[in-house]
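Reckoned from all heavy atoms, side chains included, excluding hydrogens, waters and symmetry mates.
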Amino acid sequence: MTTIALVDVNNFYVSAERVFNPKLEGRCVVVLSNNDGCVVARSGEVKALGIAMGGPWFKLKELAYKHNIIALSSNYALYADMSNRVMSVLSEFSSRQEIYSIDECFLDMAGHAGNFTPYGEKIRQRIQQWLGLPVSVGFAPTKTLAKLANHVAKKRVEYGGVCDLTVMSAPQLDEIFASIAVGEVWGVGRKLNEQLQQGGIVTVKQLRDFDTHRLRNRFGVVMERTVRELRGEACLELTDIALPRKQIISSRSFGQAVTSLGELQEAVSVYMSTAAAKLRDQGSVAATAYVYIHTNVHKNEEPQYSCGITIALAHATDDTMQLVAAVKSGLRRIYRPGYRYKKAGVMLSDITPAGIVQAQLFADNPASEKSLRLMAAMDGINSRMGKGVIHLASDGVEQNWRMNRGSMTPAYTSSWGELPLVA
């Protein structure tokens, strides 16, 4: 029987911050979203206070003062680098690995047998020793059950961070599943959770034991697969390689209202540079670009305007300069003076593998040797020295429009200028 492990970093953003600032251990800590707007990560101490994920920070100021909650701005460079390190270490524990999100991945336990708890403890110890991050590990015959096992490992102290469902008896599984709300099942979102509860399905056990034909007729084949997975029948395969994205989006809300075309052009240049780097990273090219802008819909007293435009490129490309030129041209067509813009964004679509682009008879070579060398040099330098070290002049210098991140910690692991110092 196949056994799958799900390894998940506990409170990842907060834990990553604590690695470089041990004074945060045991303290109430939250990490905030773009422009320090909402809570996107909470320490265990904050969860115990009942503060919900996604809560607006301005509404929590009084509670934060009362409990001395430390609020940090999102440090995406740090989190991405720590995630890469975690996944690299975990790859040594299995020949097959599926990275599911920034802080969790599935591992195929083929070749390992017996009680997996000692192996899970080894994984926990390795990540803690090498990276300073706490993880929980769940083992089960299917991916859906592995997610539940990880939930149990994380929530029940007696399991010590590792839960192996493969060695449990039927009565033990019944007891555990009867104690877990159905909303904790992988793929059961808020609306589906409400519908299931209205039908009397409140716990995982009730969902597992419900008639699959009735569930399929009501909710479709995906729900049937979920139930079969809960019963130990593998319906979801492990994916070794992440499929290339069919669309790449890059957007941000501005830290302050933007009124000038120049600043908007700086913003879309930065966003497209990010999107183009992601495009090259997956070995693809794009034939269509899209750019949009809009004002703050929450400020009814101000004039409102939103618009976007799709630009068909002369040929599919991954060249940052060509893509930036395209969206800047589109931006000039949709920009209207007299408005206070809150957000802009770009999107790449019609994405295909770079090696199968068909050249046009009267067009320039879409992948000229000069362009390929230049993009490779940019990516290489930015990878070694830190994101944005080499960038287009059109990105601007002061960038007053950038989002507010007033409490952001240094990029300890990905920027030479922000490496931690030891006195």
Steps toward side-chain contact (heavy atoms from CB on, under 4.5 Å) verdict (Leu6, Val137): CA-CA 6 Å; Leu6 178 68; Val137 188; over 6 Å; no
Candidate pair Leu60 and Ile51, rule side-chain contact (heavy atoms from CB on, under 4.5 Å), full reasoning: CA-CA 9 Å; Leu60 301 172; Ile51 295 177; 3.9 Å; yes
Residue pair Leu236, Trp186: steps toward the side-chain contact (heavy atoms from CB on, under 4.5 Å) verdict: CA-CA 12 Å; Leu236 302 172; Trp186 188 29; 3.7 Å; yes
Derivation of the side-chain contact (heavy atoms from CB on, under 4.5 Å) call for Gln206 and Asp209: CA-CA 5 Å; Gln206 290 173 324; Asp209 298 340; over 6 Å; no
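Of the possible donor and acceptor atoms, none in the side chain of Glu17 sits under 3.5 Å from a partner among the backbone N and O of Ser74. Using a distance-only test at 3.5 Å, with no hydrogens or angles considered, no donor-acceptor pair links the side chain of Arg340 to the main chain of Glu302. Side-chain N or O atoms of Arg18 include one that pairs as donor or acceptor with a backbone N or O of Leu24 at under 3.5 Å. For Ser94 (side chain) and Asp108 (main-chain N/O), a donor-acceptor pair under 3.5 Å exists by modelled atom type. At least one donor-acceptor pair under 3.5 Å links the side chain of Ser260 to the backbone N or O of Glu263. Panel note: side chain Asp319, backbone Ser371; no donor-acceptor pair is recorded below 3.5 Å. A distance-only check finds a donor-acceptor pair linking the side chain of Ser15 to the backbone of Asn11 [under 3.5 Å]. Remark: the backbone N or O of His213 is paired with a side-chain donor or acceptor of Asn217 at under 3.5 angstrom. Under the 3.5 Å distance criterion, the side-chain polar atoms of Arg124 are matched with a main-chain donor or acceptor of Val135. Looking at Glu98, its side chain never comes within 3.5 Å of a backbone N or O of Leu238 through a donor-acceptor pair.
Atom-to-atom distance recorded for His298:NE2 and Asn300:CG is 9.5 Å, nearest 0.5 angstrom. Summarising the geometry, atom NZ belonging to Lys47 is positioned 12.5 Å from atom CG belonging to Leu49; distances are rounded to the nearest 0.5 Å. Separation of atoms OG (Ser83) and CG (Leu133) is listed at 10.0 Å; rounding is to 0.5 Å. With values rounded to the nearest 0.5 angstrom, Asp318 atom CG is found 7.5 Å from Leu323 atom CG. Within the model, atoms CG of Asp281 and NZ of Lys278 stand 10.0 Å from one another, a figure rounded to the nearest 0.5 Å. For the atom pair Cys28 SG and Arg42 CZ, the distance stands at 12.0 Å (nearest 0.5 Å).
Looking only at side-chain heavy atoms (C-beta outward), Val324 and Leu392 come within less than 4.5 Å of each other. Annotation: side chain of Ile351 is in contact with side chain of Gln282 (closest heavy-atom distance under 4.5 Å). Side-chain atoms of Phe177 and Thr203, non-hydrogen and from C-beta on, never get closer than 4.5 Å to each other. When side chains are defined from C-beta on, Leu72 does not count as touching Leu32, because their heavy atoms never get closer than 4.5 Å. Looking at Pro303 and Thr295, their side chains never come closer than 4.5 Å, going by heavy atoms from C-beta outward. In this structure, Thr142 and Ile4 have side chains that are not in contact, with every pair of non-hydrogen atoms separated by 4.5 Å or more. Side-chain contact check for Arg156 versus Ile176: some heavy-atom pair is nearer than 4.5 Å. Between Thr212 and Arg228, the closest side-chain pair of non-hydrogen atoms falls below 4.5 Å.
Under the 30°/60° scheme for interplanar angles, the aromatic rings of Tyr13 and Tyr76 are found to stand perpendicular.
The minimum heavy-atom distance between Met53 and Ala41, with the atom names listed, is SD-N, 3.8 Å. The shortest heavy-atom contact between Leu192 and Gly187 is CD2-O, 4.0 Å. For Ala16 against Tyr79, the heavy-atom pair with the smallest separation is CB-CD2, 4.0 Å. Closest non-hydrogen pair, Ala344 versus Ile293, comes out as CB-CG2, 3.9 Å. Arg336 and Tyr341 get closest at one heavy-atom pair: O-OH, 2.6 Å. Gly330 approaches Ile309 most closely through the heavy-atom pair O-CG2, 3.6 Å.
Ion pairing of Glu237 with Lys143 is absent here, as no side-chain N (NZ or NE/NH1/NH2) approaches a carboxylate O to less than 4.0 Å. By the 4.0 Å N-to-carboxylate-O rule, Glu233 lies too far from Arg225 to be salt-bridged with it. Remark: Glu92 engages Arg126 in a salt bridge, criterion side-chain N to carboxylate O under 4.0 Å.
Listed by chain and residue number, nothing satisfies the salt bridge (charged side-chain N to carboxylate O under 4.0 Å, His left out) test with Lys343 (two or more places apart in sequence, or in another chain). By the ring pair (Phe, Tyr, Trp, His ring centres under 6.0 Å) test, Tyr412 pairs with Phe20, sequence neighbours left out. Every residue meeting the ring pair (Phe, Tyr, Trp, His ring centres under 6.0 Å) condition with Phe93, not counting sequence neighbours, appears here in chain and number order: Tyr119.
For Lys122, the NZ atom sits in a loose shell: 12 or fewer heavy atoms of surrounding residues, nucleotides or ligands are nearer than 6.0 Å.
Side-chain polar atoms of Ser136 and Asp8 form no donor-acceptor pair below 3.5 angstrom. Between Asn75 and Thr409, the side chains place a donor N or O and an acceptor N or O closer than 3.5 Å (distance only, hydrogens not considered). No hydrogens or angles considered: a donor-acceptor pair under 3.5 Å links the side chains of Arg280 and Thr320. For the 3.5 Å distance criterion, the side chains of Gln247 and Ser349 fail to qualify, holding no donor opposite an acceptor. Judged purely by distance below 3.5 Å, without hydrogens or angles, the side chains of Asp103 and Ser101 pair a donor atom with an acceptor atom. If you check the side chains of Ser73 and Asp36, you find a donor sitting under 3.5 Å from an acceptor. With 3.5 Å as the limit, one finds a donor-acceptor pair spanning the side chains of Thr413 and Asp81.
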